[in-house]
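These numbers come from the heavy atoms of this one structure, side chains and all, not from hydrogens, waters or symmetry mates.
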Amino acid sequence: MKVKLLTTISFFTYQLSISQTEKLLHGKVLSNKAPLNKVEVINKTAKTSTRTNELGEFSILAKEQDSLLFFSKDYFFTRLKLTSENLKNNNLVVNMIIKAEELNEVVVTAIKFQKVEFDAEKVNEINNNKTANDLTRYTGVNDGRIRYAAKMNIPLRGSYSKEKHEVDDRFKKHATAYCPPDFFTKNLKLNPDQKELFLEFCDADPKSKTLLEHPNVLATMDFLYAKNEEFKKLKP
């Protein structure tokens, strides 16, 4: 009886150890059925990473319940939690969605206008004709016309200069590019109207500038999770 009990315990222990052992997982990353090259595949749980080849294929050590992150600059961030079925099939297929093309800047082409030449004789002729036809001069009755309009000097440009205040929104673009659209509401549990305020709160931290200099998916997400805890502690 004891031998059977020990055998049973040993069997379950062996099965448990097998389920917790990392396995070399093979997979492929596609977009519209086309393979994606150089996609960063990250095992967030094990803190390891690799990249896809020209055929979109990758291999990475993983186990059940590990979180895999798939990141490429021109595609939406994808996250997947591995199941026993994924490991058993060992042929993971991930589809990534391409981002809509953004217009980064608008180029305004300068238009050259023909130079306006001043003709003194023509101006004098106009003034003389207006003076001759001016009823006010002879009757004292104003006919509603503007007198001496040709002598009026109206500046085409203002005498003051407007100050340009450039907004540094690099971190906002960085965080939006590295995270899926629902990351802030689903993962960070933020209300949609809190997203802009939260990103401004993160941008005020000097560490956000360091992330811009050395962009990294894991570092960015860890930073956002940490700042989210601080953000929630703020009094409304």
Apply side-chain hydrogen bond (donor to acceptor under 3.5 Å, both in side chains) to Q194 and list each qualifying residue two or more places apart in sequence or on a separate chain.
none
Sorted by chain and residue number, the side-chain hydrogen bond (donor to acceptor under 3.5 Å, both in side chains) partners of S84 (sequence neighbours excluded) come out as none
Using the salt bridge (Lys or Arg N to Asp or Glu O under 4.0 Å) criterion, which residues pair with E196? Sequence neighbours excluded.
K172
Would you check if the side chain of D66 reaches a backbone N or O of K63 as a donor-acceptor pair within less than 3.5 Å?
yes
Those residues that, when tested against D205, pass side-chain contact (heavy atoms from CB on, under 4.5 Å) (two or more places apart):
K207, F223, K227
Show every salt bridge (Lys or Arg N to Asp or Glu O under 4.0 Å) that has at least one partner inside residues 73-90, sequence neighbours left out.
none
Nearest heavy-atom approach of L224 to L188 is O-CD2, 4.2 Å
Residues which pass ring pair (Phe, Tyr, Trp, His ring centres under 6.0 Å) with F198, listed by chain and number, not counting sequence neighbours:
F231
Which donor-acceptor pairs under 3.5 Å do side chains of residues 31-40 form with protein atoms, sequence neighbours excluded?
from : atom 1 : to  : atom 2 : distance (Å)
S31  : OG     : M96 : O      : 3.0
N37  : OD1    : E54 : N      : 3.4

Supply the atom-to-atom distance F76 CZ to C179 SG, rounded to the nearest 0.5 angstrom.
12.0 Å
Taking side-chain hydrogen bond (donor to acceptor under 3.5 Å, both in side chains) as the test, write out the residues that go with T220, two or more places apart.
H174
Residues two or more places apart in sequence or in another chain: which of them pass side-chain contact (heavy atoms from CB on, under 4.5 Å) with D203?
F171, S208, K209
Which residues pass the ring pair (Phe, Tyr, Trp, His ring centres under 6.0 Å) test with Y75, sequence neighbours left out?
none
Without swapping roles, check the side chain of K23 against the backbone of L87 for a donor-acceptor pair under 3.5 Å.
yes
Would you mind listing every ring pair (Phe, Tyr, Trp, His ring centres under 6.0 Å) that reaches into residues 25-60, with sequence neighbours excluded?
F58-F70
Could you pull out all residues at least two apart from N95 that satisfy side-chain hydrogen bond (donor to acceptor under 3.5 Å, both in side chains)?
none
